[in-house]
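Notes for the one structure printed next.
Predicted model, so just to flag it, every value in this text is computed and none were measured. Lettering follows sequence order; numbering is per chain, from 1.
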Amino acid sequence: MAVIDDARDLAVDVGDDRIQSRGARAWAAPLRVAGTIFRRTVAIAVLLVAWEVLPRAGVVDRVFLPPFSEVIDKWWEMLRDGDILAHTEASMKRTGSGFALAVVIALPLGLVIGWFPLAAEILSPLLELFRNTAPLALLPVFILILGLGESSKIGIVTYACVWPILLNTISGVRNVDPLLIKSARSMGLSSPRLFQKVILPAAVPTVFTGIRLAGAFAIVVLIAAELVGAKAGLGYLINYAQSNFAIQEMYAGIITISMIGVGINQLLLAVERRFSRWRATPGS
Amino acid sequence: MSTIKFDRVTKRFAVRADSRSRGTKAAFTALSEVDLTIRSGEFLVLVGPSGCGKSTLLDLVGGLSRPSSGQVLVDGVPVTGPGLDRGIVFQQYALLPWRTALGNIEFGLEAKRVPRSERRARAREYLDLVGLTGFERHYPHELSGGMKQRVAIARSLAYDPAVLLMDEPFAALDAQTREALQDELLRIWAKTRKTVLFITHSIEEAIYLGQRVAIMTSRPGRIKAIVDTPPVEELGGDPRSAPEFVRHRHLVWELLHDEVARAQEAERRGTEPREREATPQDPVPAVAGHDVAAGGSDFPEAGAGALSGGNVSFRKKVSSVGSHR
């Protein structure tokens with residue numbers, strides 16, 4: 001029955017009545033896949049078509065928004081030049097170090113704060129204060145103290161990434177099902193073993209959500225930092241291109257950033273899923 | 001096989017006297033001078049009105065809290081903390097969701113420091129015992145409620161405690177699953193001959209499972225009466241409708257009736273904190289940073305009472321179960 005229903009749906013999609021006939025069954029599966037792909041890409045396709053058509057039609061000024069095809073040509077050219085790669089490398093080094101540093105700092109700190117109520121009580125007002133201060137507001141301070149070089153950029157990325165990881169780790173540790181703790185206690189588990197065997201694994205999914213959020217933050221903050229003062233990096237590329245009126249280069253830089261952002265998020269999502277497979281997925 | 005002895009056990013909790021006057025603490029007595037002996041290898045079922053301290057009693061045997069006065073003795077030795085000589089089965093299963101069925105059973109064995117090589121084989125053996133062969137690699141979210149409880153029972157049995165403590169283990173299950181698991185439990189008990197202390201809200205379940213049924217008073221809880229029940233095998237093909245069974249059920253119902261009425265009256269007046277769960281946790285089992293909440297002892301009987309026709313559900317309403325923080 002489901003097959004027939006699907007075929008009917010598809011018949012509507014394709015606008016062809018014949019598909020309802022017997023042959024539909026053989027078609028159904030590939031058509032369903034095609035349908036899924038269509039639904040997932042149509043919005044982006046529309047955006048790109050609009051980007052291509054509107055400048056050409058003169059609806060928007062093609063000086064400020066060149067058609068997509070021209071931008072992609074430029075991007076390809078810059079990729080072959082090694083321009084894109086050089087700037088991407090500069091940016092990724094900063095993001096990577098800042099992000100890694102944040103994990104190294106925030107993860108153990110979060111575990112400690114989550115585990116010891118006294119630490120939480122003393123530190124939480126401070127955490128509350130810092131987490132509500134936009135990281136970029138502190139960028140001038142970072143530059144002042146760490147200079148215009150790499151350290152201030154890595155520093156600001158680290159700072160921005162610490163909060164989501166820290167707060168999620170704390171909440172992951174604190175919100176473990178009390179019944180699991182009671183049950184483990186009833187088996188006479190000592191505190192360290194309880195932590196290792198119950199608290200830590202139970203907190204993993206929440207911790208990874210924090211890490212994924214941090215990944216997104218890292219890119220955003222870094223680009224902003226590079227806009228302000230840098231001699232390389234994608235943020236610098238965009239800013240430099242814009243001030244030199246190299247509009248196509250500017251858009252090429254923006255596209256690169258988007259793709260890296262999506263790529264990092266997908267990667268972290270995959271990692272998160274890998275570590276949270278035991279979680280019941282409602283409805284699946 | 002072990003005896004459990006409650007020797008004039010009293011348990012008080014400190015609670016805030018009332019919501020307006022913060023800071024003033026009042027003691028509220030959950031259990032008062034409980035005397036009860038559970039014989040070695042016996043299956044004793046404890047029934048009592050909501051909030052009478054049944055679960056408190058069980059926590060005391062489990063070593064998860066300590067009596068305010070009196071002693072709980074297991075094999076003559078006072079209980080001072082949790083230990084693997086006693087296994088607890090909770091109503092809400094308490095399975096580790098990131099571990100497979102087999103992994104969950106192994107968890108108790110890890111706690112007992114059984115060598116790795118032995119753990120797997122023993123976990124498998126107990127999974128077979130509860131009839132879940134073939135589900136080794138399933139995660140808890142892939143199992144039904146009844147299967148989860150089987151895994152939880154297997155976990156508790158695997159580390160071979162002398163005493164099995166069961167806190168309304170079947171209350172969250174549907175009527176059919178519940179009856180199947182009751183039979184399963186009797187079979188396992190006959191095979192392993194553990195001393196079982198079983199808490200339930202269902203009189204029928206109490207008569208069916210227990211060799212003796214202890215009835216508690218409304219709070220502060222005491223043992224009101226102990227009823228010997230007829231062995232299931234002597235009751236014929238449909239034990240639940242055998243005259244002996246019905247007579248015992250009625251007897252227990254009568255013993256409970258007044259207590260339930262009184263408990264409800266006290267609840268309505270609302271003069272005192274109602275539930276044990278509403279009280280701050282006593283410090284003994286508290287893990288740093290965590291309130292060890294009582295294991296959901298008051299769960300609305302998920303239609304089980306209503307479904308199994310003859311089941312006398314004496315808990316008419318589930319009102320404002322204490323706050324789980």
Side-chain angles (χ1 to χ4, degrees), chain A residues 109-124 167 169-208 272-284, chain B residues 55 58-59 61-65 81-100 103-104 106-113 138-143 152 155-156 158-159 161 165 167 277 281 284-297 324-325:
Chain A
L109 196 60
L111 294 177
V112 170
I113 296 176
W115 186 239
F116 297 105
L118 184 65
E121 202 179 337
I122 291 171
L123 290 175
S124 65
L167 295 170
T169 306
I170 294 172
S171 105
V173 171
R174 303 199 84 173
N175 294 327
V176 177
D177 182 356
L179 183 61
L180 293 184
I181 296 169
K182 185 177 180 181
S183 160
R185 278 276 169 207
S186 79
M187 292 180 210
L189 250 70
S190 62
S191 283
R193 296 187 83 210
L194 179 73
F195 189 77
Q196 174 209 346
K197 290 194 179 286
V198 179
I199 308 289
L200 219 46
V204 161
T206 325
V207 171
F208 264 99
E272 189 180 350
R273 275 201 210 105
R274 168 72 187 75
F275 280 97
S276 322
R277 266 192 306 204
W278 49 269
R279 264 193 176 174
T281 39
S284 73
Chain B
S55 295
L58 198 119
D59 282 356
V61 187
L64 293 168
S65 71
L84 289 160
D85 54 334
R86 289 146 286 150
I88 307 186
V89 177
F90 298 95
Q91 182 188 325
Q92 295 300 325
Y93 327 122
L95 298 177
L96 303 173
W98 56 88
R99 286 191 175 216
T100 59
N104 265 289
E106 284 176 28
F107 181 64
L109 298 172
E110 286 166 30
K112 203 180 179 179
R113 300 191 184 272
H138 284 60
Y139 286 91
H141 76 265
E142 298 168 316
L143 300 171
R155 175 176 63 184
S156 289
Y159 55 81
L165 307 167
D167 193 353
E277 284 83 352
Q281 292 300 316
V284 181
V287 175
H290 295 276
D291 288 332
V292 180
S297 68
H324 290 264
R325 276 160 304 160

Sort B:Glu142 into side chain, backbone, both or neither according to what part of it lies under 4.5 angstrom from a heavy atom of chain A.
-> neither
Give the C-alpha distance, both sets of side-chain angles, the deciding distance and a yes or no for side-chain contact (heavy atoms from CB on, under 4.5 Å) between B:Phe107 and A:Val198.
-> CA-CA 10 Å; B:Phe107 181 64; A:Val198 179; 3.8 Å; yes
Shortest non-hydrogen contact between A:Arg193 and B:Arg113, atoms and distance = CD-NH2, 3.3 Å
Could you tell me whether the side chain of B:Gln92 reaches within less than 4.5 Å of the side chain of A:Asp177, counting heavy atoms only?
-> no
Under 4.5 Å from any heavy atom of chain B - which part of A:Ala120 = neither
In terms of heavy-atom pairs under 4.5 Å, which option from B:Gly87, B:Gly62, B:Ala111 contacts chain A the most?
-> B:Ala111
Would you say B:Arg86's side chain and A:Ser186's backbone share a donor-acceptor pair under 3.5 angstrom?
-> no
Could you go step by step and tell me if A:Met187 and B:Lys112 meet the side-chain contact (heavy atoms from CB on, under 4.5 Å) rule?
-> CA-CA 8 Å; A:Met187 292 180 210; B:Lys112 203 180 179 179; over 6 Å; no
Measure distances from A:Val204 to the heavy atoms of chain B and classify the residue's part below 4.5 Å as side chain, backbone, both or neither.
-> neither
Taking every heavy atom of B:Arg155 against every heavy atom of A:Ser183, the minimum-distance pair comes out as NH2-OG, 3.5 Å
Which heavy atom in A:Leu180 sits nearest to a heavy atom in B:Leu95, and how many Å separate them?
-> CD2-O, 3.2 Å
ring-ring contact (aromatic ring centres under 6.0 Å, His included) with B:Tyr139: which residues, sequence neighbours excluded?
-> none
